[in-house]
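Worksheet: one structure, shown below.
In what follows, chains are A, B, ... by sequence order, proteins preceding strands, each numbered from 1. As the structure is a prediction and not an experimental result, all values here were calculated from the model.
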Amino acid sequence: MLDIKLIRSDPDAVRQALRRRGGVAEHALDTLLALDTSRRELLVQVEEKRNLRNSVSEEIAKAKKAGLGGPEVEAKVAAMREVGGAIKDLDAQLKEIEAQLEVELLQVPNLPDPTAPAGGEEESREERRWGTPRQFDFPPRDHLDLAAPRDLIDMERGAKVGGSRFAYLKGDLVFLQFALVQYALHKLAAKGFRPVVPPVLVRDEAMYGTGFFPTDMQQVYQIEADALNLVGTSEVPLAALHMNEILDEADLPVRYVGYSTCFRREAGAAGKDTRGIFRVHQFDKVEMFSFCHPDSSREEHDFMWGIEREILEELGLPYRSVNIAAGDLGASAAKKYDNEAWIPSQERYREVTSCSNCTDYQSRRLKCRAKGEKGGPYLVHTLNGTVVAVGRTIIAIMENFQTADGLIEVPSVLRPHIPGAPEYLGA
RNA sequence: GGAGAAGUGGCCGAGAGGCUGAAGGCGCUCGCCUGCUAAGCGAGAGCAGGGGUGAAUGCUCCUGCCGAGGGUUCGAAUCCCUCCUUCUCCGCCA
């Protein structure tokens with residue numbers, strides 16, 4: 001959510017920034033400004049009436065205390081009864097306008113960072129490239145084919161039990177999954193991120209607070225009976241962890257690394273990435289999250305992006321990093337890097353991790369602030385980044401490190417976390 | 001799931017329709033005082049929204065905030081309803 005005061009005081013700057021996203025929600029600004037104006041007009045009226053009522057009520061109290069009843073007091077009571085009615089009416093109008101304002105405001109995305117390229121998807125800019133896609137002296141298989149001989153990924157039964165885009169992960173891949181998780185958690189904990197296993201079912205409040213509602217509602221599994229939502233990423237419960245709180249400035253940046261299962265409806269993705277576990281309804285992910293001082297979120301963003309690259313490099317996965325264009329950013333993000341690992345079967349780079357700076361967009365909704373000796377409270381900045389998206393990383397490892405015999409070489413950093421510390425899986 | 005109890009400022013805790021944004025205590029900040037510290041004395045201190053004013057850090061006024069949201073009333077921390085949370089007992093359970 002943007003600051004209505006900013007929109008009020010400098011609408012042109014906001015307009016221009018939104019234009020870099022391709023003009024999203026630009027049209028909403030005029031509505032927003034009009035609503036804001038009538039809101040403030042009404043507010044003054046209501047408050048004047050409240051003021052009147054408060055002072056006259058006090059007079060009534062004094063008169064009664066002094067034992068003075070009589071017609072004068074009765075007249076005042078009657079007058080205030082009327083004022084009370086007027087307040088009620090005005091209040092209802094005010095509530096209505098505030099609700100509209102809220103609806104509009106919730107739909108305006110964050111202002112992009114100046115260093116995010118303007119324009120749509122095609123304007124996203126490759127910033128880095130690491131490693132060289134391997135030249136195979138045999139035809140490389142994709143992750144499903146590699147899994148098939150030892151039944152490591154069972155899509156058929158996944159579909160039988162859960163429907164399409166569900167899978168059973170079996171055998172060695174389960175160990176590989178937890179090796180990745182363990183490796184990621186250890187690394188992040190060593191860098192000062194506090195490990196967290198968060199709730200994966202959350203209230204609407206958390207979804208709105210993080211900006212997934214209302215924009216991405218159709219991507220979310222909603223449990224109507226209990227008014228809960230399955231999270232698509234632990235970013236949601238991690239961000240909401242400090243909802244309605246004032247953090248101590250001395251504690252900033254407050255960093256967490258969360259491990260959770262993630263659930264996504266993938267509505268509108270029909271026919272896209274249908275093979276294997278690249279795009280499924282359920283996957284596990286290790287996610288990092290940071291609440292930081294507004295002045296240092298750019299550095300924090302680079303720090304977190306750096307961790308993501310370090311991990312891909314330690315795993316030995318060739319990748320490239322892309323600075324996502326403004327028009328392709330999620331609603332909450334001001335800037336985002338995607339890290340794309342080379343997927344041999346697709347002969348292209350595909351997103352495995354990403355890292356977003358949401359500035360104060362989420363914290364304003366979440367009411368998450370910090371306070372120091374000098375000043376505050378002020379809104380913190382929030383950042384999130386994938387540490388390991390287990391499914392996609394497994395795919396990348398399987399495909400990049402396959403042997404002609406169909407074995408999978410285990411990245412050395414993961415071996416200690418697998419029983420027997422094997423060099424190859426499937427041996 | 002059933003039966004009870006409770007949610008007040010950074011913390012503890014009073015308050016049971018009318019100068020209560022909220023006693024008292026602890027903690028905190030700034031003065032004063034004693035050679036330092038402690039004690040003592042004095043003062044101050046919350047958040048949000050809005051109006052006025054100023055070039056500005058600001059000043060000033062108003063409104064709201066005693067878990068959240070409604071209601072009753074001239075007036076609600078106090079009465080009523082709904083929800084949330086916590087605690088106790090029973091049941092169930094990994």
Side-chain angles (χ1 to χ4, degrees), chain A residues 1-10 32-106 197-209 223-229 237 240-251 260-261 295 360 363-380:
Chain A
M1 186 157 66
L2 299 184
D3 187 358
I4 186 66
K5 288 181 189 164
L6 175 68
I7 299 175
R8 189 191 298 154
S9 65
D10 201 352
L32 230 32
L33 286 168
L35 284 168
D36 179 54
T37 303
S38 35
R39 173 182 159 264
R40 282 186 297 153
E41 282 168 6
L42 268 173
L43 196 59
V44 170
Q45 289 180 46
V46 182
E47 288 187 353
E48 274 171 0
K49 290 222 187 310
R50 281 225 170 87
N51 186 207
L52 175 70
R53 185 178 68 180
N54 286 347
S55 51
V56 175
S57 287
E58 212 168 287
E59 289 170 24
I60 294 171
K62 270 184 195 157
K64 286 206 171 176
K65 209 172 192 178
L68 309 169
E72 246 178 72
V73 173
E74 286 312 310
K76 280 181 178 173
V77 169
M80 285 313 101
R81 191 172 296 145
E82 233 163 85
V83 171
I87 289 174
K88 208 172 233 181
D89 289 347
L90 287 170
D91 225 16
Q93 288 177 47
L94 187 62
K95 284 259 159 62
E96 172 61 27
I97 286 187
E98 281 176 343
Q100 285 176 37
L101 196 91
E102 172 96 350
V103 166
E104 293 294 329
L105 209 48
L106 281 176
V197 177
V200 292
L201 281 162
V202 302
R203 297 215 176 103
D204 288 353
E205 210 182 348
M207 299 304 291
Y208 279 105
I223 315 290
E224 222 176 301
D226 295 286
L228 290 168
N229 309 281
L241 186 63
H242 290 303
M243 177 164 66
N244 300 324
E245 290 183 19
I246 296 177
L247 304 173
D248 186 343
E249 181 176 84
D251 294 335
S260 85
T261 303
D295 292 342
D360 61 9
S363 57
R364 183 169 294 107
R365 292 181 175 213
L366 291 162
K367 294 186 184 62
C368 177
R369 295 172 293 170
K371 193 163 128 180
E373 304 236 324
K374 300 183 209 87
Y378 51 86
L379 294 167
V380 297

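A:Asp204 has its CG atom 14 Å from the C1' atom of B:rC84, to the nearest Å. The distance between atom CD of A:Glu41 and atom C1' of B:rG49, rounded to the nearest whole Å, is 16 Å. One atom, CD of A:Glu102, and another, P of B:rG49, lie 14 Å apart when rounded to the nearest Å. Per the geometry, CZ belonging to A:Arg40 stands 16 Å off C1' belonging to B:rA48, to the nearest Å. Note: CE (A:Met243) to P (B:rU85) measures 12 Å, nearest angstrom. Rounded to an integer number of Å, the gap from CG of A:Asp226 to P of B:rC84 is 11 Å. A straight line from OH of A:Tyr378 to C1' of B:rC47 spans 16 Å, rounded to a whole angstrom. As rounded to whole Å, 11 Å separates atom P of B:rU63 from atom CZ of A:Arg53.
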Report all interatomic pairs (protein N or O, nucleotide N or O of nucleotides 58-62 of chain B) with separations under 3.5 Å.
unit_1: B:rC62; atom_1: O3'; unit_2: A:Asn51; atom_2: ND2; d: 3.0

Between N or O atoms, less than 3.5 Å apart, protein on one side and nucleotides 18-23 of chain B on the other: list the pairs.
unit_1: B:rG18; atom_1: N2; unit_2: A:Ser57; atom_2: O; d: 3.0

Give every pair of a protein N or O atom and an N or O atom of nucleotides 67-70 of chain B that lie under 3.5 Å apart, one pair per line with the distance.
unit_1: B:rG70; atom_1: OP1; unit_2: A:Lys95; atom_2: NZ; d: 2.9

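The phosphate of B:rG50 (OP1 or OP2) has a side-chain N or O of A:Arg39 nearer than 4.0 angstrom.
Put simply, the side chain of A:Leu201 does not reach to within 4.5 Å of the side chain of A:Asp226, judged on heavy atoms. Using a 4.5 Å cut-off on side-chain heavy atoms (C-beta onward), A:Asn54 and A:Glu58 make no contact. Looking at A:Leu2 and A:Ile7, their side chains come closer than 4.5 Å, going by heavy atoms from C-beta outward. Between A:Arg40 and A:Arg8, the closest side-chain pair of non-hydrogen atoms falls below 4.5 Å.
Between the CG atom of A:Leu42 and the CD atom of A:Glu98 there is a distance of 9.0 Å, given to the nearest 0.5 Å. Note: A:Ile4 CD1 to A:Leu35 CG = 8.5 Å, rounded to the nearest 0.5 Å. The CD1 atom of A:Ile97 sits 10.0 Å away from atom OG1 of A:Thr37, with the distance rounded to the nearest 0.5 Å. Within the model, atoms CG of A:Leu90 and CG of A:Leu43 stand 10.5 Å from one another, a figure rounded to the nearest 0.5 Å. Between A:Asn229 atom CG and A:Asp204 atom CG the span is 5.0 Å, to the nearest 0.5 Å.
With A:Tyr378 as the fixed residue, the side chain to side chain donor-acceptor pair (under 3.5 Å) test singles out one of A:Arg369, A:Lys371, A:Glu249: A:Glu249.
For CD of A:Glu59, the number of neighbouring non-hydrogen atoms (other residues, nucleotides, ligands) closer than 6.0 Å is greater than 12.
For the P atoms, the distance from B:rG24 to B:rA43 is 12 Å, rounded to whole Å. With both ends at atom P, the span from B:rC66 to B:rG21 equals 11 Å, rounded to whole Å. Between B:rC61 and B:rA45, the distance separating the two P atoms is 12 Å to the nearest Å. Using atom P as the reference point in both B:rU72 and B:rG58, the two lie 41 Å apart (nearest Å). Nucleotides B:rG13 and B:rG2, compared at atom C1', are 33 Å apart to the nearest Å. On the P atoms, B:rG64 is 24 Å away from B:rC11, given to the nearest whole Å. Nucleotides B:rA3 and B:rA76 have their P atoms positioned 33 Å apart, rounded to a whole Å. To the nearest whole angstrom, the two C1' atoms, one in B:rG27 and one in B:rG44, are 15 Å apart.
Here A:Lys367 lies out of heavy-atom contact (under 4.0 Å) with every strand. Among the heavy atoms of the strands lying under 4.0 Å from A:Arg8 are primed sugar atoms or P, OP1, OP2 only; no base atom is included.
Minimum atom distance to the side chain of A:Arg369 is reached by B:rA48, of the listed B:rG49, B:rA48, B:rC74. Considering only side-chain atoms of A:Arg203, the nucleotide from B:rU85, B:rA48, B:rG50 that sits closest is B:rU85.
A stem is defined here as three or more consecutive Watson-Crick or G-U pairs, each with both distances under 3.5 Å; for RNA chain B these stems are B:1-7 with B:84-90, B:10-12 with B:24-26, B:28-32 with B:40-44, B:46-53 with B:58-65, B:67-71 with B:79-83.
Here the side chain of A:Ser260 pairs no donor or acceptor atom with the backbone of A:Val200 at under 3.5 angstrom. No donor-acceptor pair closer than 3.5 Å links the side chain of A:Asn244 to the backbone N or O of A:Lys367.
Nearest approach of A:Ala370 to A:Val380, heavy atoms of both residues: CB-CG1, 3.5 Å. Summarising the geometry of A:Arg365 relative to A:Met1, their closest heavy-atom pair is NE-N, 3.2 Å, with the distance given to 0.1 Å. When all heavy atoms of A:Pro199 and A:Pro237 are compared, the closest pair comes out as O-CG, 3.2 Å.
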Take A:Lys64 and A:Ile60, measure what side chain to side chain contact (heavy atoms under 4.5 Å, CB included) needs, and give me the verdict at the end. CA-CA 6 Å; A:Lys64 286 206 171 176; A:Ile60 294 171; 4.3 Å; yes
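Scanning residues 75-94 of chain A for heavy-atom distances under 4.0 Å to RNA chain B yields A:Val77, A:Met80, A:Arg81, A:Lys88.
Sorted by first and then second residue, the pairs that involve residues 77-96 of chain A and meet side chain to side chain donor-acceptor pair (under 3.5 Å), not counting sequence neighbours, are A:Arg50-A:Asp91, A:Glu96-A:Gln100.
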